[in-house]
Chemist: 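Handing you this structure, nothing more for now.
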Amino acid sequence: MKLIFEKSAPGRALSLLPPCDVELVALPEELVRETAPALPEMSETDISRHYTELNKNVHGVNCGFYPLGSCTMKYNPRIDEEMAALPGFTQVHPLAPAYATEGCREVLETASKYLCEIFGMDACTFQPAAGAHGEFTGILLIKQYHDARGEGAKRTKIIVPDSAHGTNPATANMCGYQVVNIPSAPNGCVDLEALKAVLGEDTAGLMLTNPNTVGIFDENILEITRLVHEAGGLCYYDGANLNAVMGVVRPGDMGFDCIHSNLHKTFATPHGGGGPGAGAVGCKAHLMPYLPKSAMMGGEGIQVRSFAGNFLVVVKALTYIMTLGQEGIPEAAKNAVLNANYLMRKIQGTFEPAFDRTCMHEFVLDLSGFKKETGVSALDVAKSLIDYGMHPPTMYFPLIVHEALMLEPTETESRETLDWAADVFRQLYELAHKDPEFMHNAPHNAQIGRPDEVRAARTPILRYQKAEA
Ligand SMILES: *Cc1c(COP(=O)(O)O)cnc(C)c1O
């Protein structure tokens, strides 16, 4: 597909700007550019076609199945967008005086109240702009807590299980902590003996995802948080993806002191491509004094972002929570779990789950045996799915499973879609035994086949180079 600059034709420029109704001001000479910018010139029809064509080359939840494990690519109800588009929310200036922003403040306070209820926490901040940013904020709460008690200097370690999302050790490191990795037990959960062995006076805290990244709820969770507290550490809950537990069990009741949740995963805002997110952070009362300072929400701690964070994402999350309500939230969670188990059992027999037990909202397939048998890798299967109009699952994560494919169907997929998905997996399983070569070269029907991923990462071309005339 051609770029918009390549489609441009001189003299075809559009002028859709209304006539200027304010006094013209001459800019100082040094601010004025010497040559006109090379903006594309196109007719409205061609622009419209250009973006429609681009749109066709993108896969989103509105185009088809998107079982990207750990990422919760869930359907974003239209009403969320309608609410976030209200002029009272989109036109507000972040420096507007308090009397002019009472509605926005009410949105933040109400969202905070509901999320505290879902988290089992006492207070919330919406400043962090993403999940990893929320982790950073949460670990800073823990750090400030230890500092205030005069224990900051000796509590230097954060414990992270080997199944953790990569952002967890990165966060602990960025906050100045030493990361202590502990291995998982054979069932994918925290190995209690391994945990006990590393706990001590130097423990600042533990970072944990539960259900963990293999989609399993840790049955020892109360014992885990008790052990950490006994050693004087605090417990951080990575709730990026609360889809299996929202409205069913609360991280606060599991013994966690603080949490972040990705409003752009669990609470419906679409994501991917780096779009605006929100890593809401909740904490118990003993961490409240350290919440980031915010003009809208109070707080006295270290500010992690300007103003109130990505406010419109909070509007969408609040709309999502209010439309589902007290019954709908746990129902969505239970359907997410049901859909994941249904799909896992339907696929089983061809591709095998890494852990053969009831899963939560996602499950992991282990393709290492299949690869030995056929030479076809998890990557080949993922690329082949593209030809069927399915977005590939998360690949090669968690690291504790080899040749991993991690699927999360989410709650809004119908039984027909899940049956279709299982059928596609079965077809690929058979194809791999008949024609592995075909799968090594997939996808066959996509705009781009297999990009050189190393070169793309090492020498990315991020700007369009205009050809010399
Ligand atoms: C997505 C995710 C994160 C990071 O969230 P970002 O918004 O991408 O920074 C952290 N932990 C888990 C378990 C996740 O799934």
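All heavy atoms count here, side chains included; hydrogens, waters and symmetry mates do not. Note that ligands are numbered from 1 as they come in the structure, with each ligand's atoms numbered from 1 the same way.
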Chemist: Where does His264 meet ligand 1, judged by heavy-atom distances below 4.0 Å: at the side chain, the backbone, both, or neither?
Modeler: side chain
Chemist: Determine the sole option in Arg426, Arg345, Lys346 for which the salt bridge (Lys or Arg N to Asp or Glu O under 4.0 Å) test with Asp419 is passed.
Modeler: Lys346
Chemist: Do Thr52 and Asn55 pair up side chain to side chain, a donor and an acceptor below 3.5 Å, judged on atom types alone?
Modeler: no
Chemist: Measure Asn241 to ligand 1 on non-hydrogen atoms and call it side chain, backbone, both or neither using the 4.0 Å cut-off.
Modeler: neither
Chemist: With respect to atom 15 (O) of ligand 1, which of Ser163, Ser70, Gly279 exhibits the smallest heavy-atom separation?
Modeler: Ser70
Chemist: Looking at non-hydrogen atoms alone, which of His133, Lys265, His271, Glu362 comes nearest to atom 1 (C) of ligand 1?
Modeler: Lys265
Chemist: Can you tell whether the side chains of Glu219 and Arg357 come within less than 4.0 Å, N to carboxylate O?
Modeler: yes
Chemist: List every atom of ligand 1 that sits less than 4.0 Å from any heavy atom of Gly131, numbering the atoms from 1 in the order shown and giving each element.
Modeler: 5 (O), 6 (P), 7 (O), 9 (O)
Chemist: Can you tell if the side chain of Leu95 reaches within under 4.5 Å of the side chain of Phe307, non-hydrogen atoms only?
Modeler: yes
Chemist: Quick test: of every protein heavy atom, which one is nearest to atom 13 (C) of ligand 1, and how far off is it to 0.1 Å?
Modeler: Asp238 OD2, 3.4 Å
Chemist: Do Asp162 and Ser184 pair up side chain to side chain, a donor and an acceptor below 3.5 Å, judged on atom types alone?
Modeler: yes
Chemist: For ligand 1, note which part of Thr213 has a heavy atom under 4.0 Å away: side chain, backbone, both or neither.
Modeler: neither
Chemist: More than 12 heavy atoms of other residues, nucleotides or ligands under 6.0 Å from CD of Glu106: is that the case?
Modeler: no
Chemist: Pull out every atom of ligand 1 sitting under 4.0 Å from any heavy atom of Ala132, numbered as shown with elements.
Modeler: 4 (C), 5 (O), 6 (P), 9 (O)
Chemist: Would you say Leu3 has more than 12 foreign heavy atoms packed within less than 6.0 Å of its CG?
Modeler: yes
Chemist: Please determine, by modelled atom types, if Gln427 and Asp423 share a side-chain donor-acceptor pair under 3.5 angstrom.
Modeler: yes
Chemist: Using protein heavy atoms only, decide if any is under 4.0 Å from atom 8 (O) of ligand 1.
Modeler: no
Chemist: What atoms in ligand 1 come closer than 4.0 Å to a heavy atom of Ala130?
Modeler: 7 (O), 9 (O)
Chemist: Identify the protein heavy atom lying closest to atom 5 (O) of ligand 1, giving its residue, its atom name and the separation to 0.1 Å.
Modeler: Asn262 ND2, 3.0 Å
Chemist: Tell me whether Glu135 reaches ligand 1 (any heavy atom closer than 4.0 angstrom to a ligand atom).
Modeler: yes
